[in-house]
Amino acid sequence: MSDAFKPDHIDLIELMFFAYRDFTGDPDAMLEKDGFGRAHHRVLHFVGRNPGLTVAELLSILGITKQSLARVLKELIDRGHIEQRAGREDRRQRQLHLTDAGLDLALELSTPQSRRIADAISKLERSGAATVRQFLREMIDVEKRAQFDALQQLKQE
């Protein structure tokens with residue numbers, strides 16, 4: 001490595017690259033068989049975790065353009081993985097829900113990731129999982145943590 005390119009924490013940067021590659025690799029291979037990609041996985045994940053999520057809320061979570069989401073969402077709807085329902089209070093709102101097929105696919109995609117996480121955590125000291133959670137949360141931009149915290153709070157209610 002060039003002496004000019006030695007940023008602080010280079011080992012952690014590389015660990016993040018390799019961990020992310022392997023963490024997403026199994027679902028990527030499964031998605032590819034259906035002609036889907038990582039964006040489809042993200043939509044399935046967040047809609048599955050937040051039934052009734054609106055398109056606007058999903059856009060905010062994913063941080064992508066309306067155009068990008070529209071293409072992915074259309075494919076998931078057309079293939080029977082997601083359904084849109086009118087909002088209860090505002091009929092103009094489009095609330096998103098997984099279909100049974102969408103739930104099956106979301107669970108299939110998350111299973112190898114969950115196994116990978118469980119295996120890694122099992123090799124840590126007792127407080128290791130809490131430290132990993134804290135580290136990853138701290139990696140989120142400060143102004144965006146509230147959004148993550150709000151999603152986590154919904155899961156606890």
Side-chain angles (χ1 to χ4, degrees), residues 13 15-122 124 128-157:
I13 293 169
L15 278 167
M16 291 287 287
F17 280 127
F18 282 92
Y20 185 72
R21 178 202 63 196
D22 293 349
F23 179 74
T24 57
D26 294 324
D28 284 352
M30 290 180 221
L31 288 160
E32 193 175 318
K33 288 186 288 187
D34 291 329
F36 290 150
R38 216 170 270 170
H40 297 85
H41 185 188
R42 290 183 188 125
V43 169
L44 288 166
H45 173 83
F46 284 107
V47 171
R49 290 275 293 153
N50 306 280
L53 192 68
T54 66
V55 171
E57 291 166 333
L58 185 57
L59 280 168
S60 176
I61 290 168
L62 297 176
I64 60 175
T65 66
K66 202 180 243 186
Q67 183 179 3
S68 296
L69 178 59
R71 179 189 59 80
V72 169
L73 206 47
K74 180 178 180 349
E75 291 173 353
L76 289 167
I77 291 167
D78 289 350
R79 303 264 300 271
H81 294 290
I82 288 187
E83 63 182 11
Q84 295 183 84
R85 300 179 194 159
R88 290 183 181 171
E89 294 161 20
D90 182 349
R91 305 289 297 161
R92 295 170 298 174
Q93 264 188 341
R94 293 182 297 158
Q95 293 182 325
L96 305 172
H97 298 267
L98 293 184
T99 63
D100 289 342
L103 179 60
D104 289 347
L105 180 56
L107 290 172
E108 181 184 345
L109 296 170
S110 67
T111 297
Q113 292 180 316
S114 183
R115 269 193 235 117
R116 184 178 293 278
I117 290 170
D119 183 50
I121 286 176
S122 74
L124 299 177
T131 301
V132 170
R133 281 185 186 91
Q134 180 183 357
F135 170 78
L136 291 172
R137 185 179 176 280
E138 294 296 328
M139 291 285 294
I140 299 169
D141 288 342
V142 172
E143 60 276 358
K144 295 177 185 169
R145 280 189 207 142
Q147 182 181 41
F148 169 79
D149 292 342
L151 284 172
Q152 297 309 299
Q153 189 62 36
L154 286 173
K155 306 305 173 270
Q156 295 173 2
E157 294 174 354

From [X] [atom1] over to [Y] [atom2], what is the distance, rounded to the nearest 0.5 angstrom?
X: Q147; Y: D141; atom1: CD; atom2: CG; answer: 11.0 Å
X: E138; Y: Q134; atom1: CD; atom2: CD; answer: 6.0 Å
X: N50; Y: H45; atom1: CG; atom2: NE2; answer: 7.5 Å
X: L69; Y: R42; atom1: CG; atom2: CZ; answer: 12.0 Å
X: F46; Y: L53; atom1: CZ; atom2: CG; answer: 9.5 Å

Provide the closest heavy-atom pair for [X] versus [Y] in the form atom of the first, atom of the second, distance.
X: G80; Y: A101; answer: O-CB, 3.7 Å
X: G37; Y: L31; answer: O-CD1, 3.4 Å
X: G52; Y: E57; answer: O-OE1, 4.4 Å
X: P112; Y: M30; answer: CG-CE, 3.3 Å
X: R145; Y: I140; answer: NE-O, 3.1 Å

[Y] and [X], any side-chain heavy atoms less than 4.5 Å apart:
X: L73; Y: L96; result: yes
X: H97; Y: I82; result: no
X: D149; Y: R137; result: yes
X: D26; Y: Q113; result: no
X: Q93; Y: R88; result: no
X: R49; Y: L151; result: no
X: E32; Y: D28; result: no

key: Crowding at CD, E143 (>12 non-hydrogen neighbours, <6.0 Å)   =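 Yes, enclosed.
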
request  = Using modelled atom types only, decide if a donor and an acceptor are shared between the side chain of T54 and the backbone of Q95 within a distance under 3.5 Å.
outcome  =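 Not confirmed, T54 side chain does not pair with Q95 backbone.
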
key: Main-chain N/O of D119 paired to S122 side chain as donor or acceptor, under 3.5 Å   =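 Confirmed, S122 side chain pairs with D119 backbone.
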
request  = Begin from the C-alpha positions of F23 and I117 and carry the test side chain to side chain contact (heavy atoms under 4.5 Å, CB included) through to its verdict.
outcome  = CA-CA 9 Å; F23 179 74; I117 290 170; 3.7 Å; yes

ask   = Charged N to carboxylate O under 4.0 angstrom, K74 versus D78?
value =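 Here K74 pairs with D78 in a salt bridge, since their nearest N and O are under 4.0 Å apart.
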
message = Determine whether H40 and D34 satisfy the following criterion, side chain to side chain contact (heavy atoms under 4.5 Å, CB included), listing intermediate values before the conclusion.
response = CA-CA 11 Å; H40 297 85; D34 291 329; over 6 Å; no

message = According to side-chain contact (heavy atoms from CB on, under 4.5 Å), who are the partners of A106, at least two apart in sequence or on a separate chain?
response =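 Checked A106 against side-chain contact (heavy atoms from CB on, under 4.5 Å); matches are L44, L98.
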
